[in-house]
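Report on the following structure.
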Amino acid sequence: MKILMVNKFLYPNGGSETYIFKLGEELLKRGHEVQYFGMEHEGRIVGNHAQRYTGNMDFHTGKLQKLFYPFKIIYSFEAKRKMEEVLGDMNPDVVHLNNINFQLTPSVIYAVRSYGKKSGRKVKLVYTAHDYQWVCPNHMMRIPATGKICFACREGHFSACMKNRCIHDSKIKSVLGTVEAELYRMRKTYAMVDVIVCPSEFMKKQLDTDPLLADKTVMMRNFVERTPADDKKMRLSGKKRDEMKTPADYVLYFGRFSEEKGIGTLLAACKALPEIPFVFAGSGPMTEQVSKVKNVENRGFVTGEALRRLIAGARFSVYPSEWYENCPFSVMESQMYGTPVLVSDLGGAPELVEAGRTGELFRGGDAEELTEHIRELWNNPERCMKYRENCKDIKFDTIEEYCDKIVRKVYT
């Protein structure tokens, strides 16, 4: 089978890139042909045989970029043309879309359908929803100026985007986002997709509010990476921990340091609990604020074995996100390594935690409630140990299992 993965970034940038690279690797192992289409970038690590990519677009810098911003975020003639060249060279059986809006635009959907019509070939068009872009112009269901979560644009009521300046807190950009959403709703563009993979029940519920999408959605949670070596390490870690009879001596946050991730709320809790040591691992616009809190050790961006050790060694981790997360890898990774998680009750993240058994939930954005939960867990190490033991029973799909499902249930 020939699969073309489409994503605006073709270098490590976030969750959607982790998803396409790992899935692509597993598909290649199974003998499938996998190529990629997206923007050119000096950090690009995957590509296509035709060597066709769109120009690297950064809408935040440069007068020329700002001049053409209104045209390029709505429909990209360049993306459609180059996508058609890749399709003609590769002749894929499946095109798997991921993050396409703004830089690539839904013009790539028209490229696939145009190619199918000209070639007489039926190409399966799949989309994995990593965010809420198809029902919310700013993709987060959150108003930037106030930080409030919002459902106003569901069911096609996109004027709220302009009213609330939902895209970068800019009136002009929000108008453009509204125009884009209205245009593709009227043209029924997203209905051209055959299958929409939703990594959480919450995501599926939001997309199902659009009648054109409701009969196309399937829920498939994200995968976790776990190797036999990991299992051995975790058994040894568990044995050592059982001998010690005590949990580790820090609370962990790992991920992006940004407002929507709840970092401001978490830092308020850290300051209210000076007796508890916190470790933060990651990077982002709030790095300076993180580094200024006395009982927070900022490890910076950590990956690989160092991150695995950091996760496994924490008494518990905190995931305080204040937007409707989809299916965060961070929560699954914590539990995979036996570390219970304290999670905000927003979006798809709480679906991953069995409250009172493998972790706990708190009201997203409530610093006082978060502080109290952290204090209670820290002062009750036996409860953390019980949660840790229960995490062993959690079953997430490995990349191998996920690949089996997506080939069998989605691609064919």
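All figures in this text were calculated on a predicted structure; none of them were measured in a lab. The figures here come from the full heavy-atom set of this structure, side chains too, leaving out hydrogens, waters and symmetry mates.
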message = Tell me whether H41 contacts the main-chain N or O of G43 through its side chain, where contact means a donor paired with an acceptor under 3.5 Å.
response = yes
ask   = Are D210 and R154 ion-paired here, with the side-chain N under 4.0 Å from a carboxylate O?
value = no
Whether over 12 other heavy atoms sit under 6.0 Å from K117 NZ = no
query = Excluding sequence neighbours, so at least two apart, what forms ring pair (Phe, Tyr, Trp, His ring centres under 6.0 Å) with H130?
reply = Y19
message = Could you go through L23 and H96, starting from their C-alpha distance and side-chain angles, then the distance that decides it, and tell me whether this counts as side-chain contact (heavy atoms from CB on, under 4.5 Å)?
response = CA-CA 11 Å; L23 180 56; H96 190 154; 4.0 Å; yes
task = Identify the heavy atoms of Y319 and S330 that sit nearest to each other, and give their distance.
result = CE1-CB, 3.6 Å
request  = Using a strict cut-off of less than 4.0 Å between a Lys/Arg side-chain nitrogen and an Asp/Glu carboxylate oxygen, indicate whether E259 and R142 qualify as a salt bridge.
outcome  = yes
inquiry  = I'd like to know if K405 and E401 make a salt bridge, using a cut-off of under 4.0 Å between side-chain N and carboxylate O.
reply    = no
inquiry  = Can a side-chain donor-acceptor contact be found between S200 and N326 if the only test is distance below 3.5 angstrom?
reply    = yes
message = Quick check against the 3.5 Å criterion: does E351 have a side-chain atom that pairs as donor or acceptor with the backbone of F202?
response = yes
request  = Find the distance between CD (Q103) and NZ (K8) and round it off to the nearest 0.5 Å.
outcome  = 4.0 Å
ask   = In terms of side-chain heavy atoms, does R121 have a donor or acceptor partner in Y115 at a distance below 3.5 Å?
value = yes
message = Can you see whether Y53 has R44 sitting over its ring - NZ or CZ less than 6.0 Å from the centre and within 45° of the normal?
response = yes
message = Whether the side chain of R299 engages the backbone of G282 through a donor-acceptor N/O pair (distance < 3.5 Å, no angle test) should be reported.
response = no
ask   = Are L27 and V407 side-chain neighbours, meaning at least one heavy-atom pair lies under 4.5 Å?
value = yes
message = One pair to check against salt bridge (charged side-chain N to carboxylate O under 4.0 Å, His left out): D89 and R52. What are the steps and the verdict?
response = CA-CA 10 Å; D89 177 75; R52 294 291 184 269; over 6 Å; no
task = Give the ring-plane orientation class for F151 versus Y324, where under 30° counts as parallel, over 60° as perpendicular and anything between as tilted.
result = tilted
Heavy-atom check, side chain of V94 versus side chain of K2, under 4.5 Å = no
query = Between L370 and L266, is a side-chain contact (heavy atoms from CB on, under 4.5 Å) present by the stated rule, with each step listed?
reply = CA-CA 8 Å; L370 174 58; L266 179 55; 4.1 Å; yes
message = Please check this pair: side chain of N98 against backbone of N7, looking for a donor-acceptor N/O pair closer than 3.5 Å.
response = no
message = Is there a side-chain contact between R165 and P144 in this structure, where contact means two heavy atoms from C-beta onward sitting under 4.5 Å apart?
response = no
task = With rounding to the nearest 0.5 Å, note down the distance linking CD in E180 to OG1 in T105.
result = 7.5 Å
ask   = Given the rule in the side-chain contact (heavy atoms from CB on, under 4.5 Å) test, do K124 and Y411 qualify, once you have shown the distances and angles that lead to the verdict?
value = CA-CA 7 Å; K124 190 72 172 287; Y411 287 174; 5.7 Å; no
Lys/Arg N to Asp/Glu carboxylate O, K216 vs D194, below 4.0 Å = no
ask   = Between the side chain of S114 and the main-chain N/O of Y110, is any donor-acceptor distance below 3.5 Å?
value = no
Side-chain donor-acceptor pairs of residues 338-348 under 3.5 Å, sequence neighbours excluded:
{"from": "T339", "atom 1": "OG1", "to": "I311", "atom 2": "O", "distance (Å)": "2.6"}
{"from": "S344", "atom 1": "OG", "to": "S321", "atom 2": "O", "distance (Å)": "2.7"}
{"from": "D345", "atom 1": "OD1", "to": "G364", "atom 2": "N", "distance (Å)": "3.0"}

query = Can you name the nearest heavy-atom pair linking A79 to F37, along with the distance?
reply = O-CZ, 3.8 Å
request  = Check the pair R221 / E201 against salt bridge (charged side-chain N to carboxylate O under 4.0 Å, His left out), numbers first and verdict last.
outcome  = CA-CA 9 Å; R221 295 205 193 285; E201 289 289 356; 5.5 Å; no
query = Using 4.0 Å as the upper bound for N to carboxylate O, is an ion pair formed by K204 and D215?
reply = no
task = For the pair N295 (side chain) and L273 (backbone), establish whether a donor and an acceptor sit closer than 3.5 Å, ignoring hydrogens and angles.
result = yes
request  = Return yes if some donor-acceptor pair links the side-chain N/O of D169 with the main-chain N/O of A145 below 3.5 Å, else return no.
outcome  = no
ask   = What are the two closest non-hydrogen atoms of K261 and Y253, and how far apart are they?
value = CB-OH, 3.7 Å
ask   = Does T209 use its side chain to pair, donor to acceptor, with the backbone of K205 at less than 3.5 Å?
value = no
Between E42 and Y11, a side-chain donor and acceptor under 3.5 Å = no
message = Less than 4.0 angstrom from a charged side-chain N to a carboxylate O is my criterion; do R30 and E26 meet it?
response = yes
message = A side-chain contact here means heavy atoms from C-beta on lying under 4.5 Å apart; do V46 and M5 qualify?
response = no
message = Is there a salt bridge (charged side-chain N to carboxylate O under 4.0 Å, His left out) between E305 and R308? Walk through the geometry before answering.
response = CA-CA 5 Å; E305 179 60 26; R308 287 191 283 270; 3.2 Å; yes
message = On a heavy-atom basis, which atom in A349 and which in P328 lie closest, and how many Å separate them?
response = CB-CG, 3.9 Å
request  = With the side chain counted from C-beta on, respond yes when Q206 and M141 share a heavy-atom pair under 4.5 Å apart, and no when they do not.
outcome  = yes
inquiry  = If I compare all heavy atoms of Y184 with all of S107, which pair ends up nearest, and what's the gap?
reply    = OH-N, 4.4 Å
message = For a side-chain hydrogen bond (donor to acceptor under 3.5 Å, both in side chains) check, start with the C-alpha distance between T217 and D208, then their side-chain angles and the critical distance, and finish with the verdict.
response = CA-CA 7 Å; T217 58; D208 284 351; 2.7 Å; yes
request  = Quick one: pull up CD in E288 and CZ in F257 and give me the separation to the nearest 0.5 Å.
outcome  = 13.0 Å
Point-to-point distance, once rounded to the nearest 0.5 Å, from CD of E333 to CZ of F254 = 5.0 Å
message = My understanding is that only residues two or more places apart in sequence, or in another chain, count here; which of them pass ring pair (Phe, Tyr, Trp, His ring centres under 6.0 Å) with Y127?
response = W134
Within-4.5 Å side-chain heavy-atom neighbours: Y190 and L212 = no
note = Output for pair (I167 CD1, S174 OG), nearest 0.5 Å, gives 5.0 Å
CD on E182 to SG on C161, rounded to 0.5 Å = 10.0 Å
ask   = Do you see a donor-acceptor pair shorter than 3.5 Å between the side chains of N298 and S291?
value = yes
query = Checking side-chain contact (heavy atoms from CB on, under 4.5 Å) for the pair M332/N222: CA distance, chi angles, key distance, verdict?
reply = CA-CA 9 Å; M332 295 190 296; N222 287 334; 3.6 Å; yes
ask   = Are I45 and F21 side-chain neighbours, meaning at least one heavy-atom pair lies under 4.5 Å?
value = yes
request  = For E40 and N56, work out which heavy atoms get closest and say how close.
outcome  = O-CB, 3.1 Å
inquiry  = Looking only at the side chains, is there a donor atom on one of E297 and Y250 sitting less than 3.5 Å from an acceptor on the other?
reply    = no
task = Decide yes or no on salt bridge (charged side-chain N to carboxylate O under 4.0 Å, His left out) for K82 and E78, but give the supporting numbers first.
result = CA-CA 6 Å; K82 292 185 175 179; E78 179 195 18; 3.0 Å; yes
ask   = Do the side chains of K271 and V293 get nearer than 4.5 Å, heavy atoms only?
value = yes
